[in-house]
Amino acid sequence: MPKSRIRKKDDFTPPPVKQQSIKLATGRRWVAPLMLALFLIGLAWIVIFYVTSGDMPVESLKNWNIVVGFGFIAAGFVVSTQWK
């Protein structure tokens, strides 16, 4: 039976190492404090409205004060989409 040819394999050379880019702070440090501030302002607005029986924070808005409070909370969720 004939012998098969032996192929010489090249030595293994690892692929070149890719340098990872260094990520610096992207300047989004304002997102978390603003998000929390909006959540707390909205919560405080609603709590003050209920505790004062509708006299505060803005008496002329009456029950729309609840919508304003939830608006602040919704704005906090919108800002949270910018967090990386």
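For residues 49-76, the pairs satisfying ring-ring contact (aromatic ring centres under 6.0 Å, His included) are W45-F72, with sequence neighbours left out.
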Test side-chain contact (heavy atoms from CB on, under 4.5 Å) on V58 and N65; report intermediate values, then the result. CA-CA 7 Å; V58 180; N65 280 304; 3.8 Å; yes
Step by step, would you call I46 with I73 a side-chain contact (heavy atoms from CB on, under 4.5 Å)? CA-CA 10 Å; I46 294 170; I73 294 171; 4.3 Å; yes
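Think of M56 as one node in a network of Ile, Leu, Val, Met, Phe, Trp and Tyr side chains linked at under 4.5 Å; its network also takes in I48. V78 belongs to no hydrophobic cluster with other residues, because no ILVMFWY side-chain heavy atom falls under 4.5 Å from its own, directly or through intermediates. Applying the under-4.5 Å side-chain rule to Ile, Leu, Val, Met, Phe, Trp and Tyr, the cluster around L43 extends to V47, V51.
Of all non-hydrogen atoms in M35 and G76, the two that sit nearest each other are CG-O, 3.5 Å.
Under the rule for a side-chain contact (heavy atoms from CB on, under 4.5 Å), L40 has no partner lying at least two apart in sequence or in another chain. Here V31 pairs with R28, V79, Q82, W83 under the side-chain contact (heavy atoms from CB on, under 4.5 Å) rule; sequence neighbours left out.
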